[in-house]
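Everything below concerns the one structure shown next.
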Amino acid sequence: MKVLRIYVVLLFLVVENQSRVVTPHQNCRNNVCYFDFVVDYKFTMMWYNYTNFDDPQFQPVVFKDGILQRRVTNVVCREQFIPLTREELRDDVSTGDGRYKLVYAINGEIPSPNIVVFEDQIVSVNVYNKLEVEGVAIHWHGMLHRGTPWMDGSSMISHCPILPGQTFEYRFVASPAGTHWYHGHVHSLRSDGLAGAFIVLPRIRQPLVMPSEIIPAVDAEFTAVLVDWLRTSAVEKLQAVRGGFAFFDEYDSQCVPLPTNYDGSTFLTRLNIGLVNGKGQKFINGNPNLPEREYLPLETFRVRPNRYYRFRTINAGFNIAFEISVDDHMLIIVAFDGNDVEPYKTDIVVLQPGERVDFIIFTNRPIDNYRVNIFSTATSVGRQPVPFRDRTYAILNYQGVEETRIPIIRQRDCTQTRPCLAVNQIFGLYPAGVNIIGIPLTRLRSTKWTLKKTPVPIVQPGRQKQLFFLNFNVEPGRGAQINGIQFVRPTSALQTYPGPGATTPCGPDTCTGTRCSCTHTLKLDLGNVIEMVIFSFGDIIKSTHPAHLHGHQFHVLKIGYPPFDSITGNSTGFNPDIRCLNEDCSRGTWADPTWINGPIPGVNLVDPPLKDVVNIPANGYVIIRFMADNPGFWFLHCHFAHHFFGGMSLVMEEGEIQDMPPVPPNFPTCNKFRFNPYQFDQSLRDHERTLALKGISPSFTSGVTFANPRHAAKTCLQFPWICRKPLYS
């Protein structure tokens, strides 16, 4: 009966969240909001009927006779093709890139259902794992989990994976307010469908004020979940990373260089197709006028003229940084990672995987359809520029215009006298002649309200500062690492306090001259100011890294870019502010020793932006600061999927075990197991004696004698081929 109740609720949720308009959840009682999630498999390009949620019907969608139809076939191959309506394609089909692929879905939705609650409400999510073999954990990205560290959802850190057939209730306080998200945190689940928006509405909404205007209340708010959808499954892609051939589109295709940004930093893969709320198109050679499958639907945001609209935008992708713009409309940035900033007008905003941005647009243009552009930042393949950047788009549909009308491209011309602005670009300088000015994240300022809730930690008498230098780097032959260490996951969830045997210590046994693989852990003393200098110095592979910290938000005090070639925009070396203490720069410090405890030029301790993901520029660094005020075990890792699962992670042990909340009663645990040989033999003998007392004869044990060396000759007599010498050696 309980399972049936869950499915009735699920049918309501599917209808409730189709529009992706921000609407508070209705199933809330006594300040607790209840959600029921079923994690199950789902095919892309299949029509689904969830009338019976326990056993849904699904049929392939094919392009036949110039239209999309669902294919109904029986065992004697009698076939029927039923044309799909536009509503069915929108509501009943997850299109992906237009190919069939088995992925994962929560309540049948890709992306997963919106969660919208108010600040400080209690969230209860009952997760039922209906998968056959995969374990599940869901990370509530952006939630602080003060007092509930075992609910963070990081597999084998906060809790054990939810096994197939099991249910697990996540219960925590929705805090802080802002645009957050949730996603699978076991292996590749998030990149194959398990990701959705998590919006926490503030109890007190502060007015948005710009120097020249006051922004009135918005007419509506939308969520936009962006994904770089892979051609293969993400788990297959990650295995290809292990084999060293993940950059092939097909395993027998021509080898081509990696996609490259202006500064020379690279991504693992080109954009196969970008999806906005599960919808998008791929273009032939990136040409926006040549869609590969023009019948694929695009996400549509319906607006009225002369209104303000807020877009809560999330990059839930695998490894692509997205440039976001809206044709013929300026963006007014009002928040990053859920935290308010002073409104800032720009043409373009950039998001790395894990990052979120809230921007507002004013719909004061001629009534028409406009493109919401989603571009990859990569501009070349190796050193060869691409004629068109990889992209997709959604549609901003003004009321009164048919939503299927293809928008005319109206991108603003960036000129020398009127250059375009790009906020939070992953590199520091555009090449000469591009006429775009990169606006660093640190140019933005936190609002007074943000600083009142989360002030910048200041080192004062009686309060110590812990300083860490962390090099996020990828080395061929050594993999993804932080300070030269590849992270090894614990064998038991650390937040269940299993003891020292659950981790792989970092020491002579696990760290050699070429590789160090262990459970990399930093110890944070409660009440201290934590300052981290995160940098990306690599001699061979030049890469940016979106660094994400669980359990905290941090102030971004400074971004240190590397030196650039002013003509090409390529970075020409490491930022000289950091001095490497060994050959691979797995240990570093400030080049100027007075910076360790003294003032650092360019640091903002007054009103820096507050985030939980920050882009580390290739060959550069970022300074972040937060208070150690949340006892628990917390992940710090790169949010590129292949870097995270390749070992670019570490755990922060914040405070002592006695400072951390006790584990709830009956909380599930897990561990490795190895049988003690003496206990094994004793167990067999005890069991035989128990059976003998009940008159049951012993087991037949004739084969046991072969284990005795005295019977070796008998073994060779019975099985001569075992003792025969090999014919070839």
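Below, all heavy atoms of this structure are taken into account, side chains as well, without hydrogens, waters or symmetry copies.
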* Asked: What's the verdict on side chain to side chain contact (heavy atoms under 4.5 Å, CB included) for Arg203 and Gln121, showing C-alpha distance, side-chain angles and the deciding distance?
  -> CA-CA 10 Å; Arg203 297 284 190 179; Gln121 283 186 315; 3.4 Å; yes
Closest non-hydrogen atom pair between [X] and [Y], with its separation:
{"X": "Ala641", "Y": "Arg190", "result": "N-NH2, 3.8 Å"}
{"X": "Pro353", "Y": "Asn315", "result": "N-ND2, 3.3 Å"}
{"X": "Val350", "Y": "Ala321", "result": "CG1-CB, 4.5 Å"}
{"X": "Asp120", "Y": "Val173", "result": "CA-CG1, 3.8 Å"}
{"X": "Thr95", "Y": "Gly278", "result": "OG1-O, 3.6 Å"}
{"X": "Tyr309", "Y": "Arg304", "result": "OH-N, 2.8 Å"}

Donor-acceptor under 3.5 Å ([X] side chain, [Y] main chain):
{"X": "Asp337", "Y": "Val613", "value": "yes"}
{"X": "Glu88", "Y": "Thr85", "value": "yes"}
{"X": "Thr363", "Y": "Arg307", "value": "yes"}
{"X": "Asp40", "Y": "Tyr104", "value": "no"}
{"X": "Glu294", "Y": "Pro291", "value": "no"}
{"X": "Asp228", "Y": "Asn319", "value": "yes"}
{"X": "Thr44", "Y": "Arg99", "value": "yes"}

Does the side chain of [X] reach to within under 4.5 Å of the side chain of [Y], using non-hydrogen atoms?
{"X": "Asn604", "Y": "Leu557", "answer": "no"}
{"X": "Leu230", "Y": "Phe318", "answer": "yes"}
{"X": "Val556", "Y": "Pro608", "answer": "no"}
{"X": "Val93", "Y": "Met46", "answer": "no"}
{"X": "Met210", "Y": "Ile332", "answer": "yes"}
{"X": "Leu549", "Y": "Gln553", "answer": "no"}
{"X": "Ile439", "Y": "Thr346", "answer": "no"}
{"X": "Ile204", "Y": "Gln206", "answer": "yes"}

Quick one: are the ring centres of [X] and [Y] less than 6.0 Å apart?
{"X": "Phe311", "Y": "Phe301", "value": "yes"}
{"X": "Tyr295", "Y": "Phe63", "value": "yes"}
{"X": "Tyr370", "Y": "Tyr398", "value": "yes"}
{"X": "Tyr182", "Y": "Tyr170", "value": "no"}

Parallel, tilted or perpendicular: ring planes of [X] versus [Y], cut at 30 and 60 degrees:
{"X": "Phe172", "Y": "Phe198", "value": "tilted"}
{"X": "His548", "Y": "His550", "value": "tilted"}
{"X": "Phe35", "Y": "Phe37", "value": "perpendicular"}
{"X": "His639", "Y": "His637", "value": "tilted"}
{"X": "Tyr308", "Y": "Phe362", "value": "parallel"}

Just by distance, no angles: are the side chains of [X] and [Y] close enough, under 3.5 Å, to form a donor-acceptor pair?
{"X": "Tyr393", "Y": "Gln281", "result": "no"}
{"X": "Thr450", "Y": "Thr447", "result": "yes"}
{"X": "Asp263", "Y": "Ser265", "result": "yes"}
{"X": "Asn27", "Y": "Arg29", "result": "yes"}
{"X": "Gln411", "Y": "Ser325", "result": "no"}
{"X": "His180", "Y": "Arg356", "result": "yes"}
{"X": "Thr442", "Y": "Lys558", "result": "no"}
{"X": "Asn397", "Y": "Glu403", "result": "no"}

* To do: Give the intermediate values and the outcome of ring-ring contact (aromatic ring centres under 6.0 Å, His included) for residues Phe644 and Phe635.
  => CA-CA 11 Å; Phe644 174 43; Phe635 245 151; 5.6 Å; yes
Determine, for [X] against [Y], whether the closest basic-nitrogen to carboxylate-oxygen distance falls under 4.0 angstrom.
{"X": "Glu355", "Y": "Lys611", "result": "yes"}
{"X": "Asp340", "Y": "Lys448", "result": "no"}
{"X": "Asp358", "Y": "Arg310", "result": "yes"}
{"X": "Arg86", "Y": "Glu402", "result": "yes"}
{"X": "Arg410", "Y": "Asp368", "result": "yes"}
{"X": "Asp328", "Y": "Arg412", "result": "no"}
{"X": "Glu299", "Y": "Arg20", "result": "no"}
{"X": "Asp327", "Y": "Arg371", "result": "no"}

* side chain to side chain donor-acceptor pair (under 3.5 Å) assessment of Thr544 paired with Gln352 -> CA-CA 9 Å; Thr544 64; Gln352 282 270 45; 3.0 Å; yes
* Asked: Glu323 and Arg391: salt bridge (charged side-chain N to carboxylate O under 4.0 Å, His left out), yes or no, with the steps?
  -> CA-CA 9 Å; Glu323 287 186 6; Arg391 69 188 70 196; over 6 Å; no
So for atom [atom1], which belongs to [X], do other residues, nucleotides or ligands contribute more than 12 heavy atoms lying within a distance under 6.0 Å?
{"X": "Ile284", "atom1": "CD1", "result": "yes"}
{"X": "Asp413", "atom1": "CG", "result": "no"}
{"X": "Asn289", "atom1": "CG", "result": "yes"}

* What do the steps show when you test Asp612 against His141 for side chain to side chain donor-acceptor pair (under 3.5 Å), and what is the final call? -> CA-CA 9 Å; Asp612 58 54; His141 188 128; 3.1 Å; yes
* Option passing side chain to side chain donor-acceptor pair (under 3.5 Å) with Lys282 (candidates Asn272, Thr392, Asp97) ->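 Only one of Asn272, Thr392, Asp97 forms a side chain to side chain donor-acceptor pair (under 3.5 Å) with Lys282, namely Asn272.
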* Asked: Is the NZ or CZ atom of Lys101 positioned over Trp229's six-membered ring, under 6.0 angstrom from the centre and within 45° of the axis?
  ->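 The answer is yes; both the distance and angle limits are met.
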* **CD1-CG distance between Ile408 and Asn369, expressed to the nearest 0.5 angstrom** =>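 Rounded to the nearest 0.5 Å, the CD1-CG separation comes out at 10.0 Å.
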* Check the pair Ile426, Asn261 against side chain to side chain contact (heavy atoms under 4.5 Å, CB included), reporting the backbone distance first and the verdict last. => CA-CA 9 Å; Ile426 63 174; Asn261 299 302; 3.4 Å; yes
